[in-house]
Amino acid sequence: MAERERLYRQLTVDRRVLVVIDHVTSLAQVRGLVPATPDVLLLVVVSGPPLLLAAERVALPPLSDRYAKQMVRKVAGPENAARVKAELPGLLARCQGNPFALHAEARLLAAAAGASAGAGAEAVASDRGAEAWRHHPVRATARQASLRLDPETVRLCRLTALGGWPSVSAGLAAAAAGLDEERAARMLAEAADAELLERLPDLRYRFRPEVRRQLAEAASEYGVQECSDAVARVLDALLDRVLRAAHAALPASWRTEPAPEGSTGPAGEADGIAVLAAEVANVVHAVSVAEEHRRITTALRLARALWPLQLKAGHWDDVLPALRAAARCAEENEADARMTGALNFQLAHCLGELGRWEQAGRAARAAVTYERAARHLRGEASSVELLGLLYLNRWLHEEAYERFVEAESIYRRITSGQERQEGAADLPRALALVERHQGRALRGMGRYDDSRRLLERTAEFFGGTAERPAEPYNRARALTDLAETLHEAGDHGEALKRIADAEALLTPAAAPHLRYLAGLRRRCEAAAR
């Protein structure tokens, strides 16, 4: 997000620009885009209560009958002009100048047979609640659209609307309604044709806020238990989906749960990251929904499944709200100390990547405390290691090196004593990672030979052996650090070779790291001239 904001300011500086952002639902979506120069005008379109934004508020009046008629005739098309003329008085009365309602009703008129269109209008007019609906043109349009759909399709839309999900897929809707996914996909397409939903890329949909509220309120006719069960089914389906994706994206890490048994998930790292990225807004929302429904364990597991997305794809702004909510929820509900430590670790990592050092340090120290209370040496060592990374990112190399050495000593306690403790099988990998960080700190201390020795050993480790599979991502990270050391030591040609090796190992999902490598390449090439 910070990089996108910087690019936005670079593109708008010294220009006269009108920026329009539609469908805004929160201040966070636009806070960083408020212009700093008088020649950039930001227009934020909000439905419902205004945002607490230092801006001039402009209330949009409804369209006049003249412009409403023009819009209906244009949308319905000239071939339907006669039918539109006959239906126009009732349509204008229902829509009350609301552009969305006018557009939706005109499309329905154009698509429907004359008899069906008249029957639909008559059904609304004769409804006992007609007077109440007249004050909500968007709701009236949603109700009008529902009358043209099969009752099972309407039920699916109502139950899916209950959770307030940012986007809707066939899988999510199928879970809400208790149907198979193929049938749910057909119903969603029909509902979108009737204007109950808007189509998004990748076969996903979204509800307009007022339409969603109308559908959710109408779902009450199914009873409290059925509504609660629908939300619970979506939470379970979403958790299953992201657990499979997280495991596919990061199968070697103990911070991701094993994939649930049953149907298969994403095929590999890139597909797993893609699934998590597609569902991240739903997962962030689901953490709060699960807590509200007292599904505390579900809320925590949902947030924890985001780890590969923040680690490999850099979605720190996206996942931060879920991690804050989950860490607070875990502490307030006195959840398992190990889970609470893991969530504080993720929160600290995310805050560190966003440069919020003090908050990140507090979360990392909380992670150490919880992991130590759980007597989980692997988690404690990893959290101490993270503290070192936070120091490293602030150029405090000696303090960072001390934390990395401390983390190594905790890791080595895993195999001390007569019995091997949990994490012993992962110990070689953990030691390789902490050695990599020690190499980075040594580079900052100017000890280039020691740094190179450790980083070469780490890169070799993650290259794999006949007994141990290679880890391309971690090998690429080690090669990147090695290139940094070689560059600072003056060996720019060798550094460029390591950069090329690292780039060849990364998938497009590792976009932040590929961008970093491109910048490092430019620095090396400039120094080599």
Side-chain angles (χ1 to χ4, degrees), residues 246 249-256 268-270 272-273 307-316 345-346 348-350 352-353 381-382 385-393 395 397 400-401 403-404 407-408 411 426-444 448 450-465 468-489 494-524:
L250 206 59
S253 174
W254 58 271
R255 290 194 176 277
T256 57
E269 174 190 330
I273 291 292
W307 171 240
L309 192 64
Q310 68 182 91
L311 176 68
K312 288 193 170 185
H315 287 239
W316 307 304
F345 175 94
Q346 283 181 237
H349 171 272
C350 187
E353 294 293 343
S382 182
E385 186 178 348
L386 179 58
L387 275 171
L389 289 171
L390 295 175
Y391 282 127
L392 190 64
N393 290 333
W395 303 89
H397 299 106
Y401 185 71
R403 295 287 78 75
F404 295 143
E408 181 183 352
Y411 279 127
D426 295 331
L427 185 59
R429 183 175 182 274
L431 291 173
L433 287 170
V434 80
E435 277 195 350
R436 175 194 156 215
H437 298 318
Q438 288 174 4
R440 297 171 66 197
L442 289 167
R443 179 180 72 240
Y448 298 124
D450 291 337
S451 172
R452 180 172 182 171
R453 175 177 53 81
L454 287 179
L455 292 172
E456 285 177 342
R457 190 160 68 195
T458 301
E460 182 181 359
F461 176 88
F462 287 116
T465 64
R468 185 184 67 250
E471 293 187 40
Y473 178 78
N474 278 317
R475 178 170 167 79
R477 295 297 297 263
L479 288 169
T480 302
D481 296 329
L482 180 56
E484 289 267 25
T485 295
L486 292 166
H487 169 55
E488 292 188 20
E494 196 65 25
L496 286 168
K497 293 179 182 178
R498 298 297 186 273
I499 291 170
D501 292 341
E503 287 173 332
L505 292 167
L506 294 172
T507 68
H513 194 72
L514 287 167
R515 287 195 297 271
Y516 183 84
L517 280 168
L520 178 57
R521 175 184 291 280
R522 287 192 294 271
R523 297 202 306 272
C524 289

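Closest of all the heavy-atom pairs between P308 and A246 is CG-O, 3.6 Å. Closest approach of A483 to R498, counting heavy atoms only: CB-CB, 3.9 Å. Closest of all the heavy-atom pairs between L454 and G439 is CD1-N, 3.9 Å. Between P508 and L514, the shortest heavy-atom distance links the atoms CA-CD1, 4.2 Å. Between A348 and L386, the shortest heavy-atom distance links the atoms CB-CD2, 3.6 Å. A pairwise comparison of heavy atoms in G352 and L390 identifies CA-CD2, 3.7 Å as the closest pair.
Residues C524 and I499 form a side-chain contact, since some pair of their non-hydrogen atoms from C-beta on lies under 4.5 Å apart. Counting heavy atoms from C-beta on, the side chains of R429 and N474 come closer than 4.5 Å. Proximity of F461 to R436: side-chain heavy atoms (C-beta onward) are nowhere separated by under 4.5 Å. Within the 4.5 Å cutoff, the side chain of P472 has no heavy atoms near those of the F462 side chain. Taking 4.5 Å as the limit, some side-chain heavy atom of L506 sits within range of a side-chain heavy atom of L517. The shortest side-chain heavy-atom distance between E494 and H487 does not fall under the 4.5 Å cut-off.
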Practice item. Step by step, work out the salt bridge (Lys or Arg N to Asp or Glu O under 4.0 Å) result for R475 and E460. Key: CA-CA 8 Å; R475 178 170 167 79; E460 182 181 359; over 6 Å; no
Practice item. List the steps, then state whether side-chain hydrogen bond (donor to acceptor under 3.5 Å, both in side chains) holds for R477 with T458. Key: CA-CA 10 Å; R477 295 297 297 263; T458 301; over 6 Å; no
Practice item. Walk me through it: do K312 and T507 pass the test side chain to side chain contact (heavy atoms under 4.5 Å, CB included)? Key: CA-CA 10 Å; K312 288 193 170 185; T507 68; over 6 Å; no
Practice item. Take D501 and L505 through the side chain to side chain contact (heavy atoms under 4.5 Å, CB included) test and state the conclusion after the steps. Key: CA-CA 7 Å; D501 292 341; L505 292 167; 5.6 Å; no
Exercise for review: Begin with the C-alpha distance, continue with both residues' side-chain angles, and end with the deciding distance and a verdict on side-chain hydrogen bond (donor to acceptor under 3.5 Å, both in side chains) for Q310 and E353.
Suggested key: CA-CA 9 Å; Q310 68 182 91; E353 294 293 343; over 6 Å; no
Review point. Step by step, would you call E435 with R457 a salt bridge (Lys or Arg N to Asp or Glu O under 4.0 Å)?
Key: CA-CA 9 Å; E435 277 195 350; R457 190 160 68 195; 2.7 Å; yes
Practice item. Please assess E385 against Y411 for the test side chain to side chain contact (heavy atoms under 4.5 Å, CB included), listing each intermediate value before the final yes or no. Key: CA-CA 10 Å; E385 186 178 348; Y411 279 127; 2.8 Å; yes
Check your understanding: Which is it for H397 and R443 under the side chain to side chain contact (heavy atoms under 4.5 Å, CB included) test, yes or no, and what are the steps along the way?
Key -> CA-CA 9 Å; H397 299 106; R443 179 180 72 240; over 6 Å; no
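To the nearest 0.5 Å, atoms CZ (R440) and CG (L392) are separated by 4.5 Å. Between D450 atom CG and Y401 atom OH the span is 7.5 Å, to the nearest 0.5 Å. Atom CZ of R515 and atom CG of L520 lie 15.0 Å apart (nearest 0.5 Å). Remark: D481 CG to R452 CZ distance equals 14.0 Å, nearest 0.5 Å. The CD atom of E408 sits 12.5 Å away from atom NE2 of H437, with the distance rounded to the nearest 0.5 Å. In this structure, OG in S382 is found 10.0 Å from NE2 in H349, a value given to the nearest 0.5 Å.
Atom OH of Y391 sits in a sparse spot, with 12 or fewer heavy atoms from other residues, nucleotides or ligands closer than 6.0 Å.
Side chain of T256 to main chain of S253: a donor-acceptor pair is present (N/O by atom type, distance under 3.5 Å, no hydrogens or angles).
Relative to the ring axis of F345, R255 places its NZ or CZ within 45° and under 6.0 Å from the centre.
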